Novice: 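Here it is: the structure, laid out below.
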Number of protein chains: 2
Amino acid sequence: MTTLSKEVGEDARYDPEPAHHPDRRGPLMNRRPGIKDVAASAGVSIKTVSRVVNAEEAVHPETRARVLHAIQQLGYVPNTAARSLKSGTGGAIGVVIDSLADPFFAALVSAIETRALTEGLSVLVASSSLDRDREREQLLSLVAGHQVAGVVFAPVASEHPYLAPYRTTTPVVAVDRSRVGIDSVVVDDRGAAALAVQQFVDLGHRRIAFFDRDERFSTIHRRMSGYLDVLRGAGIEFDPELVSSTVDGSLDYLSEAERLLGLENPATAFFASNAKAAIGLTTALHRIHRQDTAMIAFGDFSFADVLRPGVSCIDQDPFLIGNAAIERLLALREESSGEPREWIVPTALLQRGSGEIEGPAAALSVGSAASARFAEGDVA
Amino acid sequence: MTTLSKEVGEDARYDPEPAHHPDRRGPLMNRRPGIKDVAASAGVSIKTVSRVVNAEEAVHPETRARVLHAIQQLGYVPNTAARSLKSGTGGAIGVVIDSLADPFFAALVSAIETRALTEGLSVLVASSSLDRDREREQLLSLVAGHQVAGVVFAPVASEHPYLAPYRTTTPVVAVDRSRVGIDSVVVDDRGAAALAVQQFVDLGHRRIAFFDRDERFSTIHRRMSGYLDVLRGAGIEFDPELVSSTVDGSLDYLSEAERLLGLENPATAFFASNAKAAIGLTTALHRIHRQDTAMIAFGDFSFADVLRPGVSCIDQDPFLIGNAAIERLLALREESSGEPREWIVPTALLQRGSGEIEGPAAALSVGSAASARFAEGDVA
DNA sequence: TCCGCAGATGACAACGCTGTCAAAGGAGGT
DNA sequence: ACCTCCTTTGACAGCGTTGTCATCTGCGGA
């Protein structure tokens, strides 16, 4: 931005007259049209323009028409900054998720954005990268800085005390991972995992691996609970060796798969606890030509149905979750309805082949079809 | 936010007189801290606080420390609405893309968001759904309404005259599809397509299908040009029957693949012109067990490397594109450097198997390795 | 001793909008 | 004729911040 010589000319913003006030502007040259310009053009006061823009009642139809015409002609768009400055709350909602590069979250944000548009709200996205400090920074920037009309976020830290001062004015909804004291939209992790593992049991599997127990996520804890529930119910002893754990945020899926298949008493079925692990595991099984291994993934992913065999998945629909979250947020805007609670979004088990591979004990099994259910609430 | 009793006291601005003003607020109860609160707490004027917040020079170190302490203690976060109202341009950049549910665009936005954060900028996302009117609405909302500091968008309409009034103040960058008069970040569509088709020719293919020529996109036109270039260079006559076209926004990939393979003189190689078509085509070929067909996809997709054979792809890296776009935008903020131009981001051909399947004329071919190249510029 | 100057700080307006209150005009009742 | 009420409209302040200009305090040099 070199110091360009002050060419006045076309830029009517600068008039030489009043030595103070360098920017007393003339009657709109290429400046952005403001409410004042519309008012002048329509021959009314700015307040009347404001009334028209906000669809308030008491405006004479004829006046309204004149104003609308002026708006149209000037291409006037109300300034949201001024609006939110005045009202204390702006025309955007904030979304903080792990990463937009994760298709699950991308789809979730997409659902939110679509619905927000119908409410005339914009969407501010930010990513936490699973970092507590960054989460804090982003949330505060949105809530305090941008004065968003609401926040949907995939929580990282277990508590968010710094949000407290804003909770009274700004609705907050957690997604994907639930937190106490915050309305949370999650899937029935425990029940869905149980469903999958129960299917393995029913098919005669006794050595079922829990693939990738990432300690950082409470969702994974719940899925683990579902896994354990079923084992207990089926009288199968839990074997820690069948659990793979991400340590320091990384896990070599290939060698881990080889370990599980190479155990003295090897795994015959895999429950992949999240989509990333599922992709890694699928890739690994293909690489070592063990597509005969039974597997169910938590979370659908593209191409899960094209592979041979198709990968059976628990369908955790990001659109459904995003929709539930934004609906919840909009409801909270109306009235902060009672105690925060969990909102459970349903899942389904997509049978595609890999989850229907029988286990060694299949012959013995007496078709214990009565799978445990863990329905726990309804959906927004 | 009930009507707190009017404590005037330390807040000298307000005189108790005018009985109107129902919400004269006392010294910060659970109200959001503003610059005034910080000023009062630090015993300085609001201007000094402003100076500290904006890292301006002339502030005594000791004063600065006092102010910083007050900020820290009160948890003060500057109000962006007021800021952008004053400065006329806000702390966010706008991004308008086809859909966030498209992983390509999601990754692109992710790259932008990551870089924006380092500049202290937030990201407002909006989707156009490939609809011109919606594109217009979203762009105007961002530029005029939110007064964003810049816009990155995947253009839909061929012209955007309504942006003109804002171009002087708001930098604009197009991505993925280029537009005249706007700095555009795109990949070398024509060259990359040519690269792929040339590989087919070198492998002895003569019947190369162009799979899914969607007329709506200029990128597809360019890829088509690359395709035609190579055919011409190799002396192969263009056969319109080998081109699949999306009509009315949809194409039945399965039956189309069957048609191409069932021609009297059938296709032996497929160039899938975009990721969606590639996924559809791959699924189709798997379904009819014709994995022996040579194929190269424009645009990588997950699992392209896990399938058998792996799907050879032109790697069109959304992160690279997103990065180039945001860098370009930031550069434009500094100085609107000359004429808008195209910024070409490189691609690579990922050899994974499906693109290396030989054609019928392979034996005859004399290894015409001199593939045409179309290098056309550099990268941001 | 006094002036000038630089560094540090503050008073105040204004950004574009909306909430509050008041005023103007007309209809209807007495 | 007068009063009341309702509808339509406008004047004005103030949201939280920053740019402009003014003020104040020391300090070095004449």
Side-chain angles (χ1 to χ4, degrees), chain A residues 13 18-25 28 31-40 42-64 66-67 76-91 144-147 169, chain B residues 1 11-15 17-25 28 31-40 42-67 74 76-91 144-147 169:
Chain A
R13 284 193 311 140
H20 335 299
H21 300 301
D23 62 3
R24 273 280 164 269
R25 295 155 322 186
L28 177 60
R31 178 169 52 89
R32 289 143 124 118
I35 198 172
K36 285 199 281 274
D37 303 303
V38 177
V44 296
S45 76
I46 58 170
K47 180 62 205 183
T48 299
V49 176
S50 170
R51 275 190 264 259
V52 171
V53 169
N54 294 290
E56 285 176 33
E57 294 304 314
V59 178
H60 194 90
E62 195 181 296
T63 313
R64 179 191 310 281
R66 236 177 31 248
V67 171
Y76 166 71
V77 178
N79 181 329
T80 53
R83 249 189 231 215
S84 65
L85 176 57
K86 193 76 182 63
S87 68
T89 197
H146 288 280
Q147 317 223 121
T169 48
Chain B
M1 201 157 289
D11 199 2
R13 280 192 319 136
Y14 302 111
D15 68 358
E17 295 298 37
H20 342 297
H21 299 303
D23 62 2
R24 273 286 164 268
R25 294 157 321 189
L28 179 58
R31 179 169 52 90
R32 292 147 126 118
I35 200 173
K36 286 197 283 271
D37 303 303
V38 176
V44 296
S45 76
I46 59 171
K47 181 62 205 183
T48 299
V49 176
S50 171
R51 275 191 264 259
V52 170
V53 170
N54 294 291
E56 284 176 33
E57 295 303 315
V59 178
H60 195 90
E62 195 181 293
T63 313
R64 177 190 310 281
R66 234 176 34 249
V67 171
L74 296 175
Y76 166 72
V77 178
N79 181 329
T80 54
R83 250 191 230 214
S84 63
L85 176 56
K86 195 77 183 71
S87 66
T89 193
H146 289 281
Q147 316 222 123
T169 48

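Proteins come first, then strands; the chains are lettered A, B, ... in the order of their sequence lines, and each starts at number 1. The figures here come from the full heavy-atom set of this structure, side chains too, leaving out hydrogens, waters and symmetry mates. Predicted model, so just to flag it, every value in this text is computed and none were measured.
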Novice: Quick check on dT18(C): is either OP1 or OP2 less than 4.0 Å from any side-chain nitrogen or oxygen of N54(A)?
Specialist: yes
Novice: Given atom NZ of K47(B) and atom P of dA13(C), what is their separation to the nearest angstrom?
Specialist: 15 Å
Novice: Over all strands shown, is V59(A) touching base, sugar-phosphate only, or nothing at heavy-atom distances under 4.0 angstrom?
Specialist: sugar-phosphate
Novice: With a non-hydrogen cut-off below 4.0 angstrom, is V44(B) in contact with a base, only sugar-phosphate, or nothing?
Specialist: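 Counting heavy atoms under 4.0 Å across all strands, the contact made by V44(B) is with sugar-phosphate only.
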Novice: Pick the nucleotide of DNA chain C nearest each of I35(A) and E57(B); which residue has the one closer to the 5' end?
Specialist: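 On the 5' side of the pair lies E57(B).
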Novice: Of the listed nucleotides (dA8(C), dG16(C), dG10(C)), which one gets closest to any side-chain atom of S45(B)?
Specialist: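 It is dG10(C).
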Novice: Under a 4.5 Å cut-off applied to non-hydrogen side-chain atoms, are T169(A) and R32(B) in contact?
Specialist: yes
Novice: dT9(D) C1' sits how many Å from I46(A) CD1, rounded?
Specialist: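 Between C1' of dT9(D) and CD1 of I46(A): 13 Å.
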Novice: Could one point to a donor on the side chain of K86(B) or the base of dG19(D) with an acceptor on the other under 3.5 Å away?
Specialist: no
Novice: With the side chain counted from C-beta on, respond yes when V44(A) and T63(A) share a heavy-atom pair under 4.5 Å apart, and no when they do not.
Specialist: yes
Novice: With a non-hydrogen cut-off below 4.0 angstrom, is S87(B) in contact with a base, only sugar-phosphate, or nothing?
Specialist: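 Touches nothing.
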Novice: Can you check the R64(A) CZ to dT7(D) C1' distance for me, whole Å?
Specialist: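 It is 13 Å, rounded to the nearest whole Å.
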Novice: Between T48(A) and V77(B), who's closer to the 5' end of DNA chain D by nearest nucleotide?
Specialist: T48(A)
Novice: What is the distance from CD of E62(A) to P of dT9(D), rounded to the nearest Å?
Specialist: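 From E62(A) CD to dT9(D) P: 9 Å.
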Novice: Want to settle it: does A82(B) or P61(B) sit nearer the 5' end of DNA chain C, counting the closest nucleotide to each?
Specialist: P61(B)
Novice: Atom CZ of R32(A) and atom C1' of dC17(C): how far apart are they, to the nearest Å?
Specialist: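 One finds 16 Å between C1' of dC17(C) and CZ of R32(A), rounded.
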Novice: Using only modelled atom types and a 3.5 angstrom limit, is any donor from either the side chain of K36(A) or the base of dG16(C) paired with an acceptor on the other?
Specialist: no
Novice: For the side chain to side chain contact (heavy atoms under 4.5 Å, CB included) test, which of V49(B), I46(B), V52(B) pairs with V38(B)?
Specialist: V49(B)
Novice: Please report, rounded to the nearest Å, how far the C1' atom of dC15(C) is from the CZ atom of R83(A).
Specialist: 16 Å
Novice: Check the distance between dG16(D)'s C1' and L74(B)'s CG and give it to me in whole angstrom.
Specialist: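 From L74(B) CG to dG16(D) C1': 15 Å.
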Novice: Tell me, do N54(A) and R83(A) make a side-chain contact under 4.5 Å, heavy atoms counted?
Specialist: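 Sidechains of R83(A) and N54(A): in contact.
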Novice: Are any of the side-chain heavy atoms of S50(B) and V53(B) separated by less than 4.5 Å?
Specialist: no
Novice: Rounded to whole Å, how long is the line connecting atom CG of L85(A) with atom C1' of dT17(D)?
Specialist: 8 Å
